[in-house]
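Okay, so here's the structure we're looking at.
In what follows, chains are A, B, ... by sequence order, proteins preceding strands, each numbered from 1.
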Amino acid sequence: MNMVRRSPATYMMLLPFFVLYMYFTFYPIVKGFIISLQDYQILGEKTFVGWQNYRQLFADPTFWASVWHTVLFTLLSVPILVIVGFLLALLVNVPMRGQTFFRAVFFMPMILSVSVVSSVWTAILGSYGGLVDALLNAIGVKQQIFWLTDSKLAWVSILLITTWWTAGFNMVLYLAGLQEIPAEHYEAATIDGANAWQRLRYITIPGLRRVTVLVVFLQIIASFKVFAQVYLVTGGGPAGATRTLIQYIYEHAFNQFLFGPGAAASYVLFAMIFIVSLLQLRLISSAEQGG
Amino acid sequence: MDTWMDVQPAAITQSNTQRATRRERHPIAFCVASLLAFFWLVPLAWVILVSFKPQGSNVMNATGWVTPPYTIENYIEVFTKAPVALWIWNSFLVAVITTFLALLLSTLCAFPFSLGSFFGSRFLMFLIAIGLMVPGEATLIPLYVVFRNLNWLDSYQALILPGIAIPFGVLLLKQFFDGLPRELFEAAMMDGCGIVRMLFQIAVPLSRPALAALGIFTFLGSWNNFLWPFISTTSPQIMTIPVGIPFFNSSYHTDYTLPMAANVVVSVPVLVAFLLFQKQIIKGISFTGLK
């Protein structure tokens, strides 16, 4: 369209977005890389040190521990959250009384602030006086269970909290996917004598393939970025057992003022997410070609 | 696309007997859903109960929650001890301004791209695509440096500006504009309609679902944003809810009553909004997720 090509109005329309975008998104991407190559003192000297920050990072066992925690959380949370979201969607897709209510209930925690969620669950799972503790007490379990301060149970708690908080999001995506499967497919299958399990296996699950690819990858990326609920509930403890990569970045940059190593760790996070994004693009294009 | 809410009216209007009997035929699903909904709601019910208990109540005793005494003392104290009302206002202000500007700037930016190529369009699209690949969590340090150099740390600008020019918004709207019939724009162009008028008089009115979805997505993202406000704000007057709540709660480790009252207070506005706009919110989520 000629008019668009010639019109200076086109560029005027792009300008406000690009000014903000370049300054607050694009420039920081470049700047972050430069900082990662510097010995960056926020108030003083900024000297170029090459790859030293990265070398220092890769030699730091707490860095690898935080990467491992992030990967571990991703490996555990992705299947749980995808499957719970899928099952909830199947459940509330069944025509029944209160359907809209159930959908709202399962989704609702998602709109609560991460700080509220963390505060609430800290109180629920806290030792000596939390909800779970008191309930166990009431049924005669006198032994203290340290949900938040035992290194293994802390992860269980975080997974539980994250599931309660965000599974409803995946449910909504799956529900939208379920509406796209034509009802005739189910009717035809029923006439052919397919039972409920066969309809699920041969119609529902294949019909949700595109949504599943989307949900899985959105979830992987979200899980890689886990920070707030862990930080607010366990503080990364006990003894760093739940410190995630973003917490490592945060502590290096904003507690110890090590901007260089923090920026280098940020680029590692970026690389992890970038690889997942590329995989996603490839899988989505192949899923679309495959129908 | 149809979302689950679209299915509701059809299910209701189809009030023939077959539909009605099918509704009644799933008592098992109803029971499972009720049980799950109970577990989903228990944390919130408990929080509300505890928030009305007098400070220093014996929370170890599970039966103590459901029996009097109750008090509104905690709520009064939350409002007098902490600027909770201000935090709610800050969150609201930041979310509204961010959403408005994000919608305006993304719309202006997306439309020219949708009308066809112009000088530099491929390069500019490439720049936007880069931003899509890099998560905001990976550029916290340079963003902090940028705002430090501007002397804008701990300000509304810092809370608002980075959230406006989001690549996702432009891509979502461009995709939607691409789906509008070309003839509309060609006809308008014949009549000598300029690109800005074309956008606001033809494209925008037809793009309400996409704009609503993006608006809800941006608003919720801003309302619940934790990491950047957590890093960039230090004074309680500028804090938003996600940062203010942990700041407030950190001084109450043993007694849950005040923190829980604070959690209820800051969650009420968003819960009311959710109940009012449930349909649009769910629709918006599935729209932004699946497009």
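Listed here is the closest heavy atom pair of A:F102 and B:S34: CZ-OG, 3.5 Å. Among all heavy-atom pairs drawn from A:F254 and B:L140, the shortest one is CZ-O, 4.3 Å. Considering every non-hydrogen atom in both A:S115 and B:V243, the closest pair reads OG-N, 4.4 Å. Between B:I141 and A:G262, the shortest heavy-atom distance links the atoms CD1-C, 3.3 Å. Nearest heavy-atom pair, B:W40 versus A:T163, reported as atom, atom and distance to 0.1 Å: CZ2-O, 4.2 Å. Listed here is the closest heavy atom pair of B:Y256 and A:G126: OH-CA, 4.0 Å.
Considering NE2 of B:H26 and CE of A:M96, their distance stands at 9.0 Å, rounded to 0.5 Å. With values rounded to the nearest 0.5 angstrom, A:S119 atom OG is found 4.0 Å from B:M260 atom CE. Considering OG of B:S286 and OH of A:Y174, their distance stands at 14.5 Å, rounded to 0.5 Å. Taken to the nearest 0.5 Å, the CD1 atom of A:I42 stands 4.5 Å off from the CZ atom of B:R148. Distance CZ/A:F106 to CG/B:L36: 4.5 Å, rounded to 0.5 Å. If you take CD1 on B:I195 and CE on A:M12, they are separated by 12.5 Å, rounding to the nearest 0.5 Å.
By the side-chain hydrogen bond (donor to acceptor under 3.5 Å, both in side chains) test, A:Y23 pairs with no residue at all, sequence neighbours left out.
For a residue to count as touching a neighbouring chain, one of its non-hydrogen atoms must lie under 4.5 Å from one of that chain's; by this rule B:M133 touches chain A with backbone and side chain alike. The part of B:V170 that comes within reach of chain A is its side chain, from C-beta onward, which places non-hydrogen atoms under 4.5 angstrom from that chain. Using a 4.5 Å cut-off between heavy atoms, B:L161 contacts chain A through both its backbone and its side chain. Contact annotation for B:V266: only side-chain heavy atoms (C-beta onward) come within less than 4.5 Å of a heavy atom of chain A. Contacts of B:I216 with chain A are absent, with no heavy-atom separation under 4.5 Å from either backbone or side chain. With a 4.5 angstrom heavy-atom cutoff, B:L104 does not touch chain A via any of its atoms.
Comparing A:L20, A:I111, A:V94 by how many heavy-atom pairs each has under 4.5 Å with chain B, the most go to A:I111. Annotation: maximal heavy-atom pairing with chain B below 4.5 Å, among A:F274, A:F101, A:F259, A:F18, occurs at A:F18. Ranked by heavy-atom pairs under 4.5 Å with chain B, the list A:F224, A:Y40, A:Y267 is led by A:Y40. For the options A:S118, A:S113, A:A265, A:A228, heavy-atom pairs under 4.5 Å to chain B are most numerous at A:S113. Chain B forms the most heavy-atom pairs under 4.5 Å with one residue out of A:M13, A:M108, A:M22, and that residue is A:M13. Most heavy-atom pairs under 4.5 Å with chain B, from the set A:L91, A:L245, A:T25, A:L88: that is A:L91.
In terms of modelled atom types and a separation under 3.5 Å, the side chain of B:W46 and the main chain of A:I124 share no donor-acceptor contact. Looking at A:Y27, its side chain never comes within 3.5 Å of a backbone N or O of B:V146 through a donor-acceptor pair.
By the 4.5 Å heavy-atom criterion applied to side chains, B:T139 and A:F270 are not counted as neighbours. Within the 4.5 Å cutoff, the side chain of A:F24 has no heavy atoms near those of the B:I164 side chain. Side-chain contact between A:F17 and B:L108: absent, with no pair of heavy atoms (C-beta onward) separated by less than 4.5 Å. Considering only heavy atoms from C-beta on, A:L112 comes within 4.5 Å of B:L44 through its side chain.
Ring pair A:Y11/B:F118 is perpendicular by interplanar angle, where above 60° counts as perpendicular and below 30° as parallel.
Within residues 30-38 of chain A, the residues that have a heavy atom under 4.5 Å from a heavy atom of chain B are A:K31, A:G32, A:I35, listed by number.
Surrounding CZ of B:F277 are at most 12 heavy atoms belonging to other residues, nucleotides or ligands under 6.0 Å away.
Aromatic rings from B:F230 and A:Y231 are positioned such that their centres are separated by under 6.0 Å.
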